[in-house]
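Taking it in order: structure first as structure tokens, then the write-up.
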Amino acid sequence: MNETQPPAQPAQPPQPAEQRPEERLDRLQRRLAQFAAARGWEPYHTPKNLAVALSVEASELVEIFQWLTPEQSAKIMEKPESAHRVADEVADVLAYLLQFCEVLGVDVLDALAAKIERNELRFPVPGTSTPNSHSSE
């Protein structure tokens, strides 16, 4: 049985045990910016280009699941090769999203928290008295 093995992962820098998730996110966002700067890619990292790249990478993630049944898609992470492909595409999507946010000055965690709060108001738990507007955001 000759299965293709995912490529070896580069060594990750040590992380302090007490580092908070938002600190890790900030550090990764800085690393992405430094990576692009070191290669002179900033002129190409416009909001439009990054949004297009984000869409392409999201489509590559969708492509992995395109013809799977719901049952197969639920088990995708059980096989190392498919798990590696999914993780790679998720990383690409997140990388472009973080770069997009960096260029536009969007705090991704604040934006997500605000969106969750708006959705909690728009879609209250059944049986509560908060109105549900069903407007698109």
Side-chain angles (χ1 to χ4, degrees):
M1 174 151 105
N2 186 5
E3 291 185 17
T4 305
Q5 296 297 319
Q9 298 296 317
Q12 298 296 317
Q15 298 177 18
E18 66 277 354
Q19 192 174 39
R20 297 179 355 204
E22 55 272 13
E23 291 170 342
R24 285 186 66 204
L25 191 65
D26 288 344
R27 185 175 54 82
L28 291 171
Q29 203 163 12
R30 283 192 307 274
R31 284 182 65 193
L32 286 167
Q34 291 166 352
F35 182 89
R39 289 153 181 81
W41 292 350
E42 295 108 321
Y44 309 105
H45 283 195
T46 64
K48 183 215 47 115
N49 287 351
L50 291 168
V52 169
L54 174 59
S55 176
V56 169
E57 294 301 338
S59 295
E60 289 179 9
L61 180 60
V62 169
E63 182 182 32
I64 296 168
F65 295 89
Q66 184 174 9
W67 302 113
L68 300 181
T69 65
E71 296 77 19
Q72 290 169 323
S73 69
K75 295 179 180 182
I76 193 93
M77 300 305 282
E78 293 176 4
K79 294 181 181 176
E81 184 176 325
S82 59
H84 176 73
R85 286 182 61 215
V86 169
D88 263 3
E89 295 307 332
V90 166
D92 288 342
V93 168
L94 182 57
Y96 279 117
L97 178 61
L98 291 175
Q99 290 173 88
F100 179 81
C101 290
E102 176 76 18
V103 165
L104 290 178
V106 174
D107 182 306
V108 69
L109 295 177
D110 286 347
L112 179 57
K115 182 66 175 184
I116 291 169
E117 288 175 20
R118 286 192 308 275
N119 282 343
E120 288 171 341
L121 293 173
R122 283 180 61 212
F123 307 104
V125 175
T128 62
S129 60
T130 307
N132 186 345
S133 68
H134 287 288
S135 65
S136 63
E137 284 187 43

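This is a predicted model, so every value here is computed, not measured. Positions are given from 1, in the same order as the sequence printed here.
Here the side chain of Ser55 pairs no donor or acceptor atom with the backbone of Ala51 at under 3.5 angstrom. Gln99 contributes a side-chain N or O that, together with a main-chain N or O of Ala95, makes up a donor-acceptor pair within less than 3.5 Å.
What you find for Ala37 and Glu42 is that their closest heavy atoms are CB-OE2, 3.0 Å. Contact between Pro47 and Leu104 at its shortest, heavy atoms only, is CG-CD2, 3.4 Å.
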Checking Glu60 against Val56 for the side-chain contact (heavy atoms from CB on, under 4.5 Å) test, could you report, in this order, the C-alpha distance in whole Å, the side-chain angles of both residues, the deciding distance, and whether it holds? CA-CA 6 Å; Glu60 289 179 9; Val56 169; 3.8 Å; yes
Carefully, step by step, assess Asp88 and Arg85 under the rule side-chain contact (heavy atoms from CB on, under 4.5 Å). CA-CA 5 Å; Asp88 263 3; Arg85 286 182 61 215; 5.8 Å; no
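Residues Ile64 and Met77 fall within the same hydrophobic cluster, defined by Ile, Leu, Val, Met, Phe, Trp and Tyr side chains chained together at heavy-atom separations under 4.5 Å. Two different hydrophobic clusters hold Val62 and Val93 under the rule that ILVMFWY side chains link at heavy-atom gaps under 4.5 Å. Under the 4.5 Å side-chain heavy-atom criterion for grouping Ile, Leu, Val, Met, Phe, Trp and Tyr, Val103 is connected to Tyr96 within one hydrophobic cluster. A continuous path of Ile, Leu, Val, Met, Phe, Trp and Tyr side chains, each step under 4.5 Å between heavy atoms, connects Leu68 with Val90, placing both in one hydrophobic cluster.
Residues Leu109 and Leu25 form a side-chain contact, since some pair of their non-hydrogen atoms from C-beta on lies under 4.5 Å apart. At a threshold of 4.5 Å between non-hydrogen side-chain atoms, the residues Glu102 and Leu98 do not count as touching. Contact annotation: the side chain of Cys101 approaches that of Gln29 to within less than 4.5 Å [non-hydrogen atoms, C-beta and beyond].
Within a 6.0 Å radius of CZ in Phe65, other residues, nucleotides and ligands contribute more than 12 heavy atoms.
In this structure, the separation between NZ on Lys115 and CD on Glu120 is 12.0 Å, given to the nearest 0.5 Å. For the atom pair CZ of Arg39 and OH of Tyr44, the computed distance is 14.5 Å after rounding to the nearest 0.5 Å. Taking CZ of Phe100 as the reference point, atom CG of Leu50 lies at 7.5 Å (rounded to 0.5 Å). Note that CG of Leu32 and CG of Leu94 are 8.0 Å apart. Values are rounded to the nearest 0.5 Å. Taken from CG in Leu112 to CD in Glu117, the straight-line distance is 10.0 Å, to the nearest 0.5 Å. Atom CD of residue Glu57 and atom CD of residue Glu89 lie 5.5 Å apart, to the nearest 0.5 angstrom.
With salt bridges taken as basic N to acidic carboxylate O contacts below 4.0 Å, one links Glu22 and Arg20.
Relative to the ring axis of Phe35, Arg31 does not place its NZ or CZ within 45° and under 6.0 Å from the centre.
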